[in-house]
Amino acid sequence: MDEAVGDLKQALPCVAESPAVHVEVLQRGGSTAKKEDIKLNVRKLLNRHNIVFGDYTWSEFDDPFLTRNVQSVSIVDTELKAKDLQPIDLNACTVALHIFQLNEDGPISENLEEETENIIAANHWVLPAAEFHGLWDSLVYDVEVKSHLLDYVMTTLLFSEKNVDSNLITWNRVVLLHGPPGTGKTSLCKALAQKLTIRLSSRYRYGQLVEINSHSLFSKWFSESGKLVTRMFQKIHDLIDDKEALVFVLIDEVESLTAARNACRAGAEPSDAIRVVNAVLTQIDQIKRHSNVVILTTSNITEKIDVAFMDRADIKQYIGPPSAAAIFKIYLSCLEELMKCQIIYPRQQLLTLRELEMIGFIENNVSKLSLLLSEISRKSQGLSGRVLRKLPFLAHALYIQAPTVTIEGFLQALSLAVDKQFEEKKKLSTHI
């Protein structure tokens, strides 16, 4: 328990005597090596490379033990709050090692039977899940969204571990992410659950993520005073009873709660609608009392969220469309992936926006390509993250259609794909 509290303290800003650096060690699926042996060898690796610049990943090792047992060693999340990229001396930091293996099983459907219907009420993952590996890093935001969410949940769990009296200091373990569609709210919830499972692996043996199917949960099938809702939450209670598990309950489009309440105004089974919503709120109140559960929710339409639910949310984080700087980072990660797969060939180094600002414009190919990408990013403003991640595929499909392309050719195609996307948006808006 003391070690777990120590890990929680390390993760919080300004409470450790020295800066905390988190290192995630992905153990190979077939490896049976002991965690202590892996830690010992990883620390030797870090001692040989004790100065780093921001996040960094090793995937190849000179050490035969690491080669056999470890897929990657990653210094992570150093850039979440950093204003300027500074060298990090690992010898002067508190280094927290998080060793984990990925679960390859995929989601399990939680089914509830109602008369002749077989309803998929929820999807259930055991974490860390292979499906979510890399998801956290793929989500790019302008403000400190990810660090705020991490800090919030870590504080929540620390208060629980320390038995802070919740009658004196109130917290509900309920997070609400709100904003327009396509901004990555649901993906961020899943990535946060995965990240926290890894970061708290010394305290909890594994994680559980239950994604409730709101459209089924608040549909006409759920009658009989919300009995099926209670049955579904009983399954969640069973997961929470295992104190070695960190449980996340994800309710997507939580405004469906309000939609169910509003059904009574239209005269559609009013008593059932109210009872179902009340059953959900009652169940949330019951499970949030447990120290090993976090409730994650999303909404596209905040003005329609049930007031009774809004009062329960501790943190209400707006997730908006990405800025030009965030779009640049998204495109840069897409280009890196295509170069790694040799669809863009030969590999070409591009400057980050920070590097462009530091060195100013120098008349060379790298600067020209980086500035071109910056211009494409600026004119992409207004597009959602979901669309932005799709554009490199559309650029290739519409304007390249060849096994390989130079980065100059690809950026030209990407620029055309952005223009086409805005043309299609304009046509759609005129026909609505």
Side-chain angles (χ1 to χ4, degrees), residues 1-12 15-80 82 85-105 126-138 146 150 154 157 191-207 244-246 336-337 340:
M1 185 67 74
D2 289 341
E3 182 184 353
V5 173
D7 284 349
L8 289 167
K9 286 174 67 179
Q10 285 175 13
L12 290 166
V15 296
E17 289 76 10
S18 56
V21 172
H22 295 277
V23 180
E24 295 179 357
V25 182
L26 174 53
Q27 187 174 354
R28 293 190 182 277
S31 168
T32 56
K34 294 178 180 178
K35 284 191 175 183
E36 288 308 314
D37 293 335
I38 293 175
K39 281 185 178 181
L40 183 65
N41 284 272
V42 169
R43 289 197 182 277
K44 289 178 182 176
L45 171 71
L46 298 177
N47 286 336
R48 294 197 300 271
H49 305 276
N50 60 322
I51 302 294
V52 294
F53 289 84
D55 296 357
Y56 190 80
T57 296
W58 290 271
S59 54
E60 295 181 358
F61 310 100
D62 296 331
D63 181 351
F65 177 87
L66 291 179
T67 301
R68 283 195 311 273
N69 295 290
V70 171
Q71 189 168 319
S72 63
V73 175
S74 301
I75 296 172
V76 298
D77 301 330
T78 61
E79 300 170 10
L80 288 185
L85 203 58
Q86 299 289 338
I88 299 169
D89 182 357
L90 297 180
N91 291 330
C93 297
T94 302
V95 177
L97 294 181
H98 311 293
I99 300 169
F100 67 99
Q101 289 177 296
L102 294 174
N103 185 290
E104 304 277 353
D105 292 342
V126 176
L127 303 176
E131 184 176 336
F132 304 141
H133 186 55
L135 182 58
W136 177 264
D137 294 325
S138 74
K146 293 200 283 190
L150 275 176
M154 297 301 288
L157 296 169
L192 180 64
Q194 176 100 336
K195 172 65 69 173
L196 287 163
T197 299
I198 293 168
R199 188 162 288 193
L200 294 168
S201 56
S202 65
R203 168 65 182 85
Y204 299 100
R205 196 162 54 85
Y206 60 98
E244 290 191 326
L246 181 57
E336 284 291 333
E337 178 65 17
K340 187 180 83 173

How close do [X] and [Y] get, counting heavy atoms only, and between which atoms?
{"X": "Ile75", "Y": "Leu46", "result": "CD1-CD2, 4.5 Å"}
{"X": "Asn103", "Y": "Asp105", "result": "OD1-N, 2.9 Å"}
{"X": "Ala130", "Y": "Glu104", "result": "CB-OE1, 3.5 Å"}
{"X": "Trp136", "Y": "Lys146", "result": "O-NZ, 2.7 Å"}
{"X": "Gln194", "Y": "Pro128", "result": "OE1-CA, 3.2 Å"}
{"X": "Ile51", "Y": "Pro87", "result": "CG2-CB, 4.2 Å"}

Let me confirm one number: the [atom1]-[atom2] distance from [X] to [Y], rounded to the nearest 0.5 Å.
{"X": "Asp55", "Y": "Ile88", "atom1": "CG", "atom2": "CD1", "value": "7.5 Å"}
{"X": "Arg43", "Y": "Arg48", "atom1": "CZ", "atom2": "CZ", "value": "14.0 Å"}
{"X": "Leu192", "Y": "Arg199", "atom1": "CG", "atom2": "CZ", "value": "10.0 Å"}
{"X": "Ser72", "Y": "Phe61", "atom1": "OG", "atom2": "CZ", "value": "6.5 Å"}

Query raised in the report: In chain order, what residues pass the side-chain contact (heavy atoms from CB on, under 4.5 Å) check against Val76, with sequence neighbours excluded?
Result: His22, Glu24, Ser74, Lys195
Query - Asn41 vs Ile38, side chain to side chain contact (heavy atoms under 4.5 Å, CB included): CA-CA, chis, key distance, verdict - result: CA-CA 5 Å; Asn41 284 272; Ile38 293 175; over 6 Å; no
Requested in this report: Please step through side chain to side chain contact (heavy atoms under 4.5 Å, CB included) for the pair Val73 and Thr57, ending with a clear verdict.
Outcome: CA-CA 6 Å; Val73 175; Thr57 296; over 6 Å; no
Report task. Please identify each residue that fulfils ring pair (Phe, Tyr, Trp, His ring centres under 6.0 Å) with Tyr56, with sequence neighbours left out. Result -> Trp58
Requested in this report: Could you tell me whether a side-chain N or O of Ser138 sits under 3.5 Å from a main-chain N or O of Leu135, the two making a donor and an acceptor?
Outcome: yes
Query raised in the report: So do Ile198 and Ile99 actually touch side chain to side chain, heavy atoms under 4.5 Å?
Result: no
Query raised in the report: Is the count of non-hydrogen atoms from other residues, nucleotides or ligands lying under 6.0 Å from Asp62 atom CG greater than 12?
Result: no
Requested in this report: Apply side chain to side chain contact (heavy atoms under 4.5 Å, CB included) to the pair Asp63 and Leu45, showing each step before the final yes or no.
Outcome: CA-CA 8 Å; Asp63 181 351; Leu45 171 71; over 6 Å; no
